[in-house]
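Let me begin by presenting the structure, written as structure tokens, before commenting on it.
All residue numbers refer to positions in the sequence shown, counting from 1. This structure is a prediction, so every number in the text was calculated from the model and none was measured.
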Amino acid sequence: MEPRPPEVMSEAEAEDYVVGLLRQHGAMTTMQIEEESARGRRRCPDQTVIFLTKMRHKGLIRGEVSMERRGWLWSVP
């Protein structure tokens, strides 16, 4: 039996999901957000980094490049 594919969330569902993750876990990298959503068998409507960038432009989350974490670090404002 093949595992079922991840559920593609709607834009609103994905925004709520990401904000919830960041509130629960604090600042997370793009990879950590992808890994957490994969564990929940869910996926953003776009590539994760593109979706997170759209959320940043809307002012829903903050994003900054972290040399220490080697990528984008996302948090709630």
Side-chain angles (χ1 to χ4, degrees):
M1 182 176 198
E2 289 186 38
R4 63 179 166 74
E7 170 196 348
V8 178
M9 295 178 277
S10 72
E11 191 168 314
E13 289 173 325
E15 287 173 353
D16 289 343
Y17 182 76
V18 169
V19 169
L21 279 179
L22 296 174
R23 284 193 174 133
Q24 181 181 2
H25 297 285
M28 298 174 76
T29 64
T30 304
M31 184 67 75
Q32 289 172 317
I33 292 170
E34 286 178 340
E35 289 169 353
E36 193 65 32
S37 60
R39 272 194 278 281
R41 313 276 319 142
R42 307 179 102 196
R43 135 176 141 63
C44 292
D46 293 320
Q47 287 182 326
T48 305
V49 73
I50 292 170
F51 188 75
L52 295 171
T53 300
K54 288 178 183 178
M55 287 183 67
R56 181 173 60 92
H57 288 296
K58 288 180 175 181
L60 299 172
I61 60 174
R62 280 190 296 233
E64 60 184 312
V65 175
S66 170
M67 298 305 275
E68 182 180 307
R69 306 275 293 269
R70 296 183 177 177
W72 280 89
L73 191 61
W74 305 96
S75 60
V76 287

Does the distance from a Lys or Arg side-chain N to an Asp or Glu carboxylate O, for Glu11 and Lys54, drop under 4.0 Å?
no
Is there a path of hydrophobic side-chain contacts, each under 4.5 Å between heavy atoms of I, L, V, M, F, W or Y residues, that connects Leu52 with Val65?
yes
Kindly give the heavy-atom pair with the smallest separation between Cys44 and Phe51, and that separation in Å.
SG-CD2, 3.8 Å
Heavy-atom count check: over 12 atoms from other residues, nucleotides or ligands less than 6.0 Å from Glu7 CD?
yes
Identify each donor-acceptor pair in which a side-chain atom of residues 67-77 lies under 3.5 Å from a protein atom, sequence neighbours left out, and give them as a table.
unit_1	atom_1	unit_2	atom_2	d
Arg69	NH2	Gln32	OE1	2.8
Trp74	NE1	Thr30	OG1	2.8
Ser75	OG	Arg62	NE	3.4

State, to 0.1 Å, how close Pro45 and Ala14 come at their nearest heavy-atom pair, and which atoms those are.
CD-CB, 3.7 Å
Sequence neighbours left out, what pairs pass salt bridge (Lys or Arg N to Asp or Glu O under 4.0 Å) with at least one residue falling in residues 22-40?
Glu36-Arg39
In this structure, CD1 of Ile33 is separated from NE2 of His25 (nearest 0.5 Å) by 10.0 Å
Give me the atom names and distance for the closest heavy-atom approach of Gly63 to Arg56.
N-CD, 3.6 Å
How would you list, by chain and number, every residue that makes a side chain to side chain donor-acceptor pair (under 3.5 Å) with Asp16, sequence neighbours excluded?
none
Rounding to 0.5 Å, atoms CG (Leu22) and CE (Met55) come to a distance of 7.0 Å
